[in-house]
Amino acid sequence: MARPASMSKRDNEKKQSKRLEKQKRKEDRKLNNNKGAALEDMFVYVDENGMITSTPPELKKKEEIDLESIAISTPKKTEVENPVHKGRIEYFNEAKGFGFVKELASVNKYFFHISATKVDIKEGNIVFFELERGPKDMNAVNLRFEETPAQEPKEQEEQETQES
């Protein structure tokens with residue numbers, strides 16, 4: 001829609017009154033401007049107890065710190081006292097040759113591969129193992145069966161019955 005070519009007297013008066021109101025608001029904003037008037041009033045401080053205050057802290061309360069007393073280092077790596085762990089085979093996939101052993105002393109589970117052992121492993125076996133850093137996490141290596149005197153005669157009996 002196009003604007004009318006000429007404006008009426010009433011339209012001109014409305015337009016003029018709007019301009020005057022706008023000008024008045026602009027002047028009021030300039031007079032009531034608080035910017036930069038009391039910058040110190042806007043500051044807050046935190047004391048040594050963590051409380052927010054409006055008064056600045058006293059400079060004589062600062063404590064001097066000896067820079068040489070600050071130790072910046074990492075502790076030396078200590079050797080593990082018991083590198084042999086005891087656990088139970090939780091899962092073993094014979095087709096793919098991998099599984100997981102759960103440590104009996106804790107709830108940690110460790111991945112192992114069949115190449116890390118020289119014995120035949122089945123789920124539920126109790127084994128001794130060592131830990132080694134793998135590509136993702138710790139892996140169980142050097143898996144071997146628990147060597148107890150009660151287990152050896154039982155194995156010998158099984159071998160004798162298989163031979164006859």
Side-chain angles (χ1 to χ4, degrees), residues 1 22 25-26 28-30 32-164:
M1 263 170 108
K22 187 174 180 181
R25 285 193 308 261
K26 186 177 179 183
D28 286 343
R29 279 196 307 266
K30 282 186 181 181
N32 296 329
N33 187 1
N34 293 344
K35 288 185 181 178
L39 184 62
E40 291 80 25
D41 293 341
M42 291 190 283
F43 284 141
V44 291
Y45 303 95
V46 179
D47 65 3
E48 64 271 3
N49 299 322
M51 302 299 292
I52 297 175
T53 63
S54 60
T55 58
E58 295 178 20
L59 295 177
K60 54 186 164 185
K61 286 188 178 180
K62 285 188 177 179
E63 183 180 326
E64 288 292 323
I65 297 173
D66 183 23
L67 295 178
E68 293 178 5
S69 67
I70 300 173
I72 301 175
S73 65
T74 55
K76 290 185 178 180
K77 191 174 185 180
T78 57
E79 289 294 322
V80 179
E81 293 178 11
N82 186 9
V84 178
H85 302 274
K86 187 175 180 181
R88 175 181 292 118
I89 305 295
E90 289 288 311
Y91 172 78
F92 180 61
N93 186 337
E94 291 182 27
K96 295 187 178 180
F98 75 92
F100 293 93
V101 59
K102 180 180 178 187
E103 189 174 12
L104 294 178
S106 67
V107 295
N108 297 332
K109 290 184 182 181
Y110 301 104
F111 172 84
F112 73 90
H113 192 265
I114 193 68
S115 62
T117 182
K118 296 176 180 141
V119 294
D120 291 331
I121 292 180
K122 296 178 184 170
E123 286 185 23
N125 287 354
I126 304 293
V127 293
F128 287 102
F129 62 94
E130 296 173 11
L131 294 177
E132 185 178 90
R133 172 72 56 194
K136 293 184 178 179
D137 203 5
M138 299 300 284
N139 292 344
V141 294
N142 298 332
L143 276 77
R144 56 193 177 278
F145 284 120
E146 184 175 13
E147 298 168 4
T148 59
Q151 189 177 15
E152 291 174 9
K154 197 174 191 180
E155 290 177 359
Q156 290 175 355
E157 290 176 16
E158 289 176 6
Q159 288 178 355
E160 291 173 4
T161 55
Q162 289 177 356
E163 290 174 1
S164 37

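Remark: aromatic rings of Phe98 and His113 are distant, center separation not under 6.0 Å.
The 12-atom threshold is exceeded at CG of Asp28, counting heavy atoms of other residues, nucleotides or ligands nearer than 6.0 Å. Other residues, nucleotides and ligands contribute only 12 or fewer heavy atoms inside 6.0 Å of the CD1 atom of Ile52.
Rounded to the nearest 0.5 angstrom, Arg133 CZ and Met138 CE are separated by 5.0 Å. A distance of 10.5 Å separates CD in Glu94 from CD1 in Ile121, rounded to the nearest 0.5 Å. With rounding to the nearest 0.5 angstrom, the CZ atom of Arg144 is 7.5 Å from the CZ atom of Phe128.
Nearest heavy-atom pair across Gly87 and Val101 is C-CG2, 3.9 Å. Of all the heavy atoms in Thr53 and Thr55, the pair that sits closest is OG1-O, 3.2 Å. Counting all heavy atoms, side chain and backbone alike, Asn93 lies closest to Ala95 at OD1-N, 3.1 Å.
Using cut-offs of 30° and 60° on the angle between ring planes, the pair Tyr91 and Phe100 is tilted.
Between the side chain of Asp47 and the main chain of Asn49, a donor-acceptor pair closer than 3.5 Å is present.
Shown here are the side chain to side chain donor-acceptor pair (under 3.5 Å) partners of Glu130, two or more places apart in sequence or in another chain: Asn142.
Using a 4.5 Å heavy-atom threshold, the side chains of Ile126 and Lys86 count as touching.
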task: Tell me, with the steps shown, if Leu143 and Asn125 meet side-chain contact (heavy atoms from CB on, under 4.5 Å).
output: CA-CA 11 Å; Leu143 276 77; Asn125 287 354; over 6 Å; no
message: Run Arg88 and Leu104 through side-chain contact (heavy atoms from CB on, under 4.5 Å) and show every step you take.
response: CA-CA 7 Å; Arg88 175 181 292 118; Leu104 294 178; 4.1 Å; yes
message: Please evaluate residues Asp137 and Tyr110 with respect to the criterion side-chain contact (heavy atoms from CB on, under 4.5 Å), reporting the C-alpha separation (whole Å), side-chain torsions for both, the decisive distance (0.1 Å), and the verdict.
response: CA-CA 8 Å; Asp137 203 5; Tyr110 301 104; 6.0 Å; no
